[in-house]
K.L.:
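Please read through the structure below; I'll follow up with questions.
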Protein chains: 2
Amino acid sequence: MEHIGARDRRVDDVEVRQMRYFIAVAEEKHFGRAAQRLHMAQPPLSQQIKALEEQLGTQLLVRTTRKVDLTAAGELLLARARLLLAEIEKLEQDVKLVGQGASGVLRVGVSGTATYRLMPIIVQAAREHMPGLRLSVQGEMLTPEMEIALEEQRVDVAVLRPPIRSNQLSLKFLEKDELVVALPEDHELASRGLLDLADLADEPFIAYPMSSAVNAISTEACRRAGFSPQIVQETQETSTLLSFVAAGMGVALVPTARRMFALQGIVFRQLRNAPAVDLAVAWKTDNETALLKKFLDLFETPATTEGNQA
Amino acid sequence: MEHIGARDRRVDDVEVRQMRYFIAVAEEKHFGRAAQRLHMAQPPLSQQIKALEEQLGTQLLVRTTRKVDLTAAGELLLARARLLLAEIEKLEQDVKLVGQGASGVLRVGVSGTATYRLMPIIVQAAREHMPGLRLSVQGEMLTPEMEIALEEQRVDVAVLRPPIRSNQLSLKFLEKDELVVALPEDHELASRGLLDLADLADEPFIAYPMSSAVNAISTEACRRAGFSPQIVQETQETSTLLSFVAAGMGVALVPTARRMFALQGIVFRQLRNAPAVDLAVAWKTDNETALLKKFLDLFETPATTEGNQA
DNA sequence: TTGATTCAGAGGAAAAAAGTATCAGTCACC
DNA sequence: GGTGACTGATACTTTTTTCCTCTGAATCAA
């Protein structure tokens, strides 16, 4: 005899068409209207639904001549079938796109805070517009690291904070992020809405490493505000940095994080005349891959505020 | 005339049957054998594949009379169609279960170690407080995987290790697990009761993948202890990981496992100032099913140690 | 060149789906 | 309580789709 793989069944398969039919009926709660919506007559629709119920061995609808209702199983099927159809449509699109030649792998480096805020957006956009593209993301990097990685072609694109030293790289400005103050929630300054940098003159600071752009800007801003920050702890990872703040070890200046970590024990407060750091996307100028170009195009759409990017 | 909703298309729909056919051909790389496997003749199979290609407007296969190969689009379709079919089968099962009187089905994703320790407790609690609920559990997953699965609603709840990037998800803190050292029982350090991380500086490490939270925390902790772990083997499954340790290939850091594997050949040792990883339950914020709410309530009862969760 | 192998096409048979006509149950309303 | 309007199911026919058999064209090995 012959072994029949479970994958190769035939007859009693639920088909996409049946799911569409079921969704229509479930949504309209009315065979007639559903049939109309599907541009078909009512009897074959009834038949298909009945067949579906038989295939699943389960009653999906409670029919009276007066109205149609969903059983629990029907509700489940409705919810999941909708998702499934959406997935199938997405798959169709993706296959078409890949058929038209969008595919490959890009290695992306991302700087500290952008890892959590911007990167998911980028990944999402890439998924949408460049399906088949694999992104290999390395987060929580510092600008100098990324410069070297770009030059050595260990990454293809980097989301970093200018300025950069290298002249082999190209930059595209993305946005300007104001720095905000991260405070332990029980800190006395936490009760105030808007702070001056000078208010922090005597506070212990948790800071990014010296080589980071955020640190450079922060230190410079403090100097102008008339004090030199007392750094008690230095750390590269934003998540770690914020844990230190939560633990009450000090305060920190971090780039605006609109919907950042709902981190317990931390509050964010705005600064008057807040210093700001730029965010830009960088790539090696002589890298002229079609894939890279298309990826960079993803950054075009949002109103690319042409700010200064030094 | 009449507006046709995008959901209600007809003719050019990709059907489940076609996907099955395509998978067979793609796997066999041979129309004849695929047809045999599908219990049909070869010509109709060719026709269906051709029709599929036309519907997608994309070439999926490169045929010579000598062999069949996949295009990039074909590879994509193969991978995704497999997943899709698996989901459809799962859906069928779930609908049947609910039809037979289960009050509902929740799909749960669970991260590595929690699979063995916490999951049985959860399942037990669910059985007790929500009889009729069927849990469909997928274990040994990584946080990024689960995030995507939650967003795409392929799972309803996930037990994962923060941090998460997505902002569509909600989190509820569960517990903090200290990392312990897993050692081969004949290891020289096994004779000591409490270890320092620095003791492991020269040991070969078996580690979870880079994208896992445990790996991130471990690596960071080692860095602080003044060394960079030498990773000789990477693996996703805790059971596999521990087998490597048992085989004497190296040591590993794993989350506390009170009643973990009584795996022969392994001993666990505590660490001084042990790093810890959080465990949380996550769900898609806009999923407001009654079933999900009730399930989440199960996590309320234990004295929810309010720790900070970076 | 010949034979074996493999995929595609043509035309007819079988199966599935859709259409038409009709029936039977329920409810609103007089 | 009877009547008519409305709704979904059934019976049967027509149309469409899928599948099968037979055959042909292309490729490769000997």
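In what follows, every chain begins at residue 1, and chains take the letters A, B, ... in the order their sequences are listed. In this text, all values refer to a predicted model and were calculated from it rather than measured experimentally. Hydrogens, waters and symmetry mates are skipped; everything else that's a heavy atom, side chains included, is used.
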K.L.:
Verify the contact: side-chain N or O of B:Ser46 to OP1 or OP2 of C:dC7, cut-off strictly under 4.0 Å; return yes or no.
P.N.:
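So the side chain of B:Ser46 is outside the cut-off, no N or O lying under 4.0 Å from OP1 or OP2 of C:dC7.
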
K.L.:
Figure out the NE2/P separation between B:His30 and C:dT5, and round it to whole Å.
P.N.:
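Rounded to the whole Å, the gap is 10 Å.
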
K.L.:
Atom CZ of B:Phe31 to atom P of D:dC20: distance rounded to whole Å?
P.N.:
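Distance, rounded to whole Å: 15 Å.
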
K.L.:
Suppose we screen for side chain to side chain donor-acceptor pair (under 3.5 Å). Which residues come up paired with B:Glu75, at least two apart in sequence or across chains?
P.N.:
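Per chain and number, B:Glu75 pairs via side chain to side chain donor-acceptor pair (under 3.5 Å) with no residue.
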
K.L.:
For A:Glu152, which residues count as a salt bridge (Lys or Arg N to Asp or Glu O under 4.0 Å) partner, sequence neighbours excluded?
P.N.:
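For A:Glu152, the residues satisfying salt bridge (Lys or Arg N to Asp or Glu O under 4.0 Å) (neighbours in sequence not counted) are A:Arg154.
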
K.L.:
Please report the distance, rounded to the nearest Å, between CD in A:Glu15 and C1' in D:dT16.
P.N.:
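After rounding, the reported distance stands at 16 Å.
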
K.L.:
May I have the distance from A:Gln36 (atom CD) to D:dG8 (atom C1'), rounded to whole angstrom?
P.N.:
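Distance check: A:Gln36 CD to D:dG8 C1' gives 15 Å.
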
K.L.:
Who are the side chain to side chain donor-acceptor pair (under 3.5 Å) partners of B:Ser212, not counting sequence neighbours?
P.N.:
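Partners of B:Ser212 by the side chain to side chain donor-acceptor pair (under 3.5 Å) criterion come out as none, since no residue qualifies.
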
K.L.:
Considering residues at least two apart in sequence or located in another chain, which fulfil the side chain to side chain donor-acceptor pair (under 3.5 Å) criterion with B:Glu147?
P.N.:
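Residues passing side chain to side chain donor-acceptor pair (under 3.5 Å) with B:Glu147: none at all.
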
K.L.:
So what does A:Lys67 hit on the nucleic acid, given a heavy-atom distance under 4.0 Å: a base, only sugar-phosphate, or nothing?
P.N.:
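Answer is nothing: A:Lys67 stays at 4.0 Å or more from every strand.
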
K.L.:
OP1 or OP2 of C:dA8 sitting under 4.0 Å from any side-chain N/O of B:Arg63?
P.N.:
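Checking B:Arg63 against C:dA8: at least one side-chain N or O falls below 4.0 Å of OP1 or OP2.
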
K.L.:
Report yes if some heavy atom in the side chain of B:Leu133 is under 4.5 Å from a heavy atom in the side chain of B:Phe295; otherwise report no.
P.N.:
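When only atoms from C-beta onward are counted, B:Phe295 and B:Leu133 do touch, with a gap below 4.5 Å.
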
K.L.:
Just by distance, do the side chain of A:Asp156 and the backbone of A:Leu106 share a donor-acceptor pair under 3.5 Å?
P.N.:
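No; zero donor-acceptor contacts below 3.5 Å.
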
K.L.:
Distance check needed: D:dT18 P versus B:Lys50 NZ, whole Å only.
P.N.:
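For the pair B:Lys50 NZ and D:dT18 P, the rounded distance is 14 Å.
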
K.L.:
Starting at CZ of B:Arg20 and ending at P of D:dC19, how long is that distance when rounded to a whole Å?
P.N.:
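Atom CZ in B:Arg20 sits about 13 Å away from atom P in D:dC19.
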
K.L.:
Find the distance A:Glu53:CD to D:dA9:C1' and express it as a whole number of Å.
P.N.:
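Those two atoms, CD and C1', are 12 Å apart.
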
K.L.:
Name the atoms and distances for all side-chain donor-acceptor pairs under 3.5 Å in residues 118-127 of chain B, with sequence neighbours left out.
P.N.:
none

K.L.:
Using the salt bridge (Lys or Arg N to Asp or Glu O under 4.0 Å) criterion, which residues pair with B:Glu53? Sequence neighbours excluded.
P.N.:
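Applying salt bridge (Lys or Arg N to Asp or Glu O under 4.0 Å) to B:Glu53 gives B:Arg63.
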
K.L.:
Could you list the protein-to-nucleotides 18-23 of chain C atom pairs, N/O on both sides, closer than 3.5 Å?
P.N.:
{"unit_1": "C:dA18", "atom_1": "OP1", "unit_2": "A:Tyr21", "atom_2": "OH", "d": "2.5"}
{"unit_1": "C:dA18", "atom_1": "OP2", "unit_2": "A:Tyr21", "atom_2": "OH", "d": "3.4"}
{"unit_1": "C:dG19", "atom_1": "OP2", "unit_2": "A:Ala41", "atom_2": "N", "d": "2.6"}

K.L.:
A:Glu28: what forms a salt bridge (Lys or Arg N to Asp or Glu O under 4.0 Å) with it, not counting sequence neighbours?
P.N.:
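A:Glu28: salt bridge (Lys or Arg N to Asp or Glu O under 4.0 Å) contacts with A:Arg33, A:Arg37.
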
K.L.:
What nitrogen or oxygen pairs link the protein and nucleotides 27-30 of chain D at under 3.5 Å?
P.N.:
{"unit_1": "D:dT27", "atom_1": "O4'", "unit_2": "B:Thr65", "atom_2": "OG1", "d": "2.7"}

K.L.:
Whole-Å distance between D:dT16 C1' and B:Asp13 CG?
P.N.:
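So the CG-C1' distance, B:Asp13 to D:dT16, works out to 16 Å.
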
